[in-house]
Amino acid sequence: MGFAERPEATFGRVAFDAGASTQGSYSVIVDAQAPAYWDGWRFGLTLSLTRANRLGYYGQGNDTKYDRDSLGTGRSYFYRVSRRTHGARLTIQRKIAGPLRVLVGGTLAHTDFRDLPGETVFQRDRLAGTIRPEDDPFNDAVARAGILVDWRDLEADPHRGVFAEAIVGGGRGYTRTTATVRAYAHPFSRLILAARVGAETMSGTPPLSAQLTMETSEGPIVAVGGPRSLRGYHDGRFVGPGKIVGGVEARYGLIWAPRLLEVKLFAFYDAGRVFSSGESVRLTRRGLHAAMGGGVAVSMMRNTLVTLFGGKGTEGAEVGFATTWSY
């Protein structure tokens, strides 16, 4: 996109990412995005092969407990499970007028879980029937549609604006409805304030693989817990069909050459919770899990962003590295 004053970071791009860990996790992703190549249209296609070999699993519900004393002999992976996901995701958006867009898309995905050595919470839930046999492995076919309003000045690193979306989707045996609002203000030269609130409801019999994520137009995020939903808690710390997430963030430009190079310090406060089947999803302070922290971000040339951050909740601290803002 160069230095054109448009919100999109690029006309189009194709990215290939691959990585592996010493603990058996891996990720191979081919991502093609064309947000501005055809005027008024946006296309996105993502193919992925991933395994999170130490994904957190603490049980289901908002009140699951974490006890460090449970991590004794033969229980090193008591709160862990291995999850493998292979999928293809297509999204098409069309501009209606001004900041208003509509969205349609579909996903094909296969997810399976594998027990780790020793006694685990996942094994207990599977034996108890909390995790149904038909949910693991699970082959899903999802269709979704939505509406978006996007007033951000730059999508990769907004300084001001509002982004709101509402998405309805249906998979094999379940439906989900998601709504999110993000706002950005630039009250002073180097200070940017950001805030986010989002909620999701699921009906039918959603599998564990679907409950672990929250839908967005950019792709599913792990919720609740992790760098995109509740920093300071492990990925997927709280699991349920209903979710709310929220947060506020202050970003201050330490090095300030706007859109060329910006080095920002930031501080944040995140909160979120899940709701069990049959509970109404609502904005409430009751049962919220919260975390706070901060970090540093480097933004270059309108389309490159790197963040390093740490967050602390009630169960310890988490350090993360990402190539996008949490919101």
[X] and [Y]: same hydrophobic cluster, using ILVMFWY side-chain contacts below 4.5 Å?
| X | Y | value |
| --- | --- | --- |
| Val274 | Ile221 | yes |
| Tyr79 | Val239 | yes |
| Leu254 | Phe309 | no |
| Val104 | Trp41 | yes |
| Ile92 | Ile96 | no |

Between [X] (side chain only) and [Y] (backbone N and O only), is there a donor and an acceptor less than 3.5 Å apart?
| X | Y | result |
| --- | --- | --- |
| Ser25 | Asn53 | yes |
| Ser229 | Val222 | yes |
| Asp270 | Arg231 | yes |
| Arg286 | Thr284 | no |

Please tabulate, one pair per line, all N/O donor-acceptor pairs under 3.5 Å involving side-chain atoms of residues 158-174, not counting sequence neighbours.
| unit_1 | atom_1 | unit_2 | atom_2 | d |
| --- | --- | --- | --- | --- |
| His159 | NE2 | Arg259 | NH1 | 3.3 |
| His159 | NE2 | Glu262 | OE1 | 3.0 |
| His159 | NE2 | Glu262 | OE2 | 3.4 |
| Arg160 | NH2 | His186 | ND1 | 3.1 |
| Glu165 | OE1 | Ser217 | N | 3.2 |
| Glu165 | OE1 | Ser217 | OG | 2.6 |
| Arg172 | NH1 | Asn139 | O | 2.9 |
| Tyr174 | OH | Asp140 | OD2 | 2.5 |

*What are the two closest heavy atoms between Ser48 and Ile29, and how far apart are they?*
CB-CG1, 4.0 Å
*Indicate the atoms forming the closest heavy-atom contact of Ser189 with Trp256, along with that distance.*
O-CZ2, 3.0 Å
*asked:* Ring of Trp325, cation from Arg251 - is the NZ or CZ under 6.0 Å from the centre and inside 45° of the axis?
replied: yes
*With Arg190 as the cation and Phe188 as the aromatic partner, state whether NZ or CZ is under 6.0 Å from the six-membered ring centre and within 45° of the axis.*
no
Just verifying a value: how many Å separate [X] [atom1] and [Y] [atom2], rounded to the nearest 0.5 Å?
| X | Y | atom1 | atom2 | value |
| --- | --- | --- | --- | --- |
| Arg42 | Glu8 | CZ | CD | 5.0 Å |
| Thr85 | His110 | OG1 | NE2 | 8.5 Å |
| Asp153 | Arg6 | CG | CZ | 14.5 Å |

*Do you know which of Tyr269, Tyr58, Phe238 makes ring pair (Phe, Tyr, Trp, His ring centres under 6.0 Å) with His289?*
Phe238
_Passing candidate, ring pair (Phe, Tyr, Trp, His ring centres under 6.0 Å) with Phe122, options Tyr57, Phe78, Tyr77_ = Tyr57
_Within the supplied structure, the quantity of interest is the number of heavy atoms (other residues, nucleotides, ligands) at a distance under 6.0 Å from Tyr26 OH; does it exceed 12?_
yes
*Counting heavy atoms not belonging to Met300, are there more than 12 under 6.0 Å from its CE?*
yes
Do [X] and [Y] have side-chain N/O donor and acceptor atoms under 3.5 Å apart?
| X | Y | result |
| --- | --- | --- |
| Arg144 | Thr91 | yes |
| Thr314 | Tyr66 | no |
| Arg237 | Thr64 | yes |
| Asp157 | Ser299 | yes |
| Gln33 | Asp31 | yes |

*Does the side chain of Arg54 reach to within under 4.5 Å of the side chain of Val81, using non-hydrogen atoms?*
no
*Is Val281 close to Glu200 at the side-chain level, that is, under 4.5 Å between some pair of heavy atoms?*
no
*Which pairs pass salt bridge (charged side-chain N to carboxylate O under 4.0 Å, His left out) with one or both residues in residues 76-92, sequence neighbours excluded?*
Arg84-Asp112, Arg89-Glu215
*Remaining members of Leu154's ILVMFWY cluster at a side-chain heavy-atom cut-off under 4.5 Å?*
none
